[in-house]
Colleague: 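First the structure, then my questions, so here it is.
Source: prediction; values computed, not measured.
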Amino acid sequence: MTYQLLKMLHVAAVVAWLGGSLFVSLFLLSSQPQDSEEAPKERKMLGALRRWTLYVTTPAMVLTWLVGLHLAMAFGWFAMTWIWVKLVFALALSALLGIQSAALRRMADGSPKRPPLVDLYAPFTVIASAAIVTLVVVKPF
């Protein structure tokens with residue numbers, strides 16, 4: 001029963017983390033320059049998104065890591081190759097959230113520059129997530 005509860009907590013945290021990360025990706029992709037007529041609405045959305053990232057998405061990422069590492073240690077998954085590949089994808093998604101958070105902070109500070117490679121944030125999140133799910137379900141190696 002404990003395993004099922006931990007797995008449920010891990011999956012729920014992953015959904016919150018990746019949902020928040022995808023939303024940030026789409027916001028960054030669609031954001032307009034500060035001098036546009038949509039600027040006041042966008043600033044309001046930016047503030048709300050920064051708070052959501054700080055209080056929901058980032059803690060969900062941390063919870064995902066804590067519960068996932070606990071499960072991996074408890075069940076001896078570190079002896080298997082699939083978990084290491086999964087960890088590489090999870091690290092990349094964690095780094096992406098850091099990059100996104102920094103981009104939101106720079107936007108809030110008035111930077112007009114578009115974040116580098118912003119067009120790839122959402123597709124990478126989806127592809128990395130699909131790879132992780134495949135690794136967890138199939139455990140190919």
Colleague: Does Thr125 offer a backbone N or O that forms a donor-acceptor pair with the side chain of Ser129 under 3.5 Å?
Modeller: yes

Colleague: Take Met107 and Glu42 through the side-chain contact (heavy atoms from CB on, under 4.5 Å) test and state the conclusion after the steps.
Modeller: CA-CA 10 Å; Met107 282 180 71; Glu42 191 166 294; 4.0 Å; yes

Colleague: Mind checking whether Val136 and Leu87 sit in one hydrophobic cluster, side chains of I, L, V, M, F, W, Y counted as touching below 4.5 Å?
Modeller: yes

Colleague: From Leu71 CG over to Leu9 CG, what is the distance, rounded to the nearest 0.5 angstrom?
Modeller: 9.0 Å

Colleague: Report yes if the side chains of Leu104 and Leu28 come closer than 4.5 Å at any heavy-atom pair, otherwise no.
Modeller: yes

Colleague: Stepwise, does the side-chain contact (heavy atoms from CB on, under 4.5 Å) test hold for Phe141 with Leu135?
Modeller: CA-CA 9 Å; Phe141 34 77; Leu135 288 164; 4.0 Å; yes

Colleague: Assess whether atom NZ of Lys7 is packed by more than 12 heavy atoms of other residues, nucleotides or ligands within 6.0 Å.
Modeller: no

Colleague: Consider only side-chain heavy atoms of I, L, V, M, F, W and Y, link residues closer than 4.5 Å, and tell whether Phe75 and Val85 are in one cluster.
Modeller: yes

Colleague: Quick one: does Val62's side chain get under 4.5 Å of Leu66's, heavy atoms only?
Modeller: yes

Colleague: Tell me, please, which residues at least two apart from Arg106 pass salt bridge (charged side-chain N to carboxylate O under 4.0 Å, His left out).
Modeller: none

Colleague: Do Thr53 and Gln100 have side-chain atoms, one donor and one acceptor, less than 3.5 Å apart?
Modeller: no

Colleague: Less than 4.5 Å apart, any side-chain heavy atom of Val24 and any of Tyr121?
Modeller: no

Colleague: Would Leu91 and Trp65 count as a side-chain contact (heavy atoms from CB on, under 4.5 Å) if you check the C-alpha gap in whole Å, the side-chain angles of each, and the deciding distance to 0.1 Å?
Modeller: CA-CA 10 Å; Leu91 277 171; Trp65 274 103; 3.9 Å; yes

Colleague: Could you walk me through whether Arg51 and Leu46 pass the side-chain contact (heavy atoms from CB on, under 4.5 Å) test, one step at a time?
Modeller: CA-CA 9 Å; Arg51 285 188 302 279; Leu46 175 61; over 6 Å; no

Colleague: Verify the neighbour count for atom CZ of Arg105: are there more than 12 heavy atoms of other residues, nucleotides or ligands below 6.0 Å?
Modeller: no

Colleague: Tell me, yes or no, whether the heavy-atom count around Phe124 atom CZ, taken from other residues, nucleotides or ligands under 6.0 Å, exceeds 12.
Modeller: yes

Colleague: If a pair satisfies ring pair (Phe, Tyr, Trp, His ring centres under 6.0 Å) and one of its residues is in residues 80-112, list it, with sequence neighbours excluded.
Modeller: Trp77-Trp82, Phe78-Trp84

Colleague: Ser21 side chain to Trp17 main-chain N or O, any donor-acceptor pair under 3.5 Å?
Modeller: no

Colleague: Would a distance-only check, ignoring hydrogens and angles, find a side-chain to backbone donor-acceptor pair under 3.5 Å from His10 to Thr64?
Modeller: yes

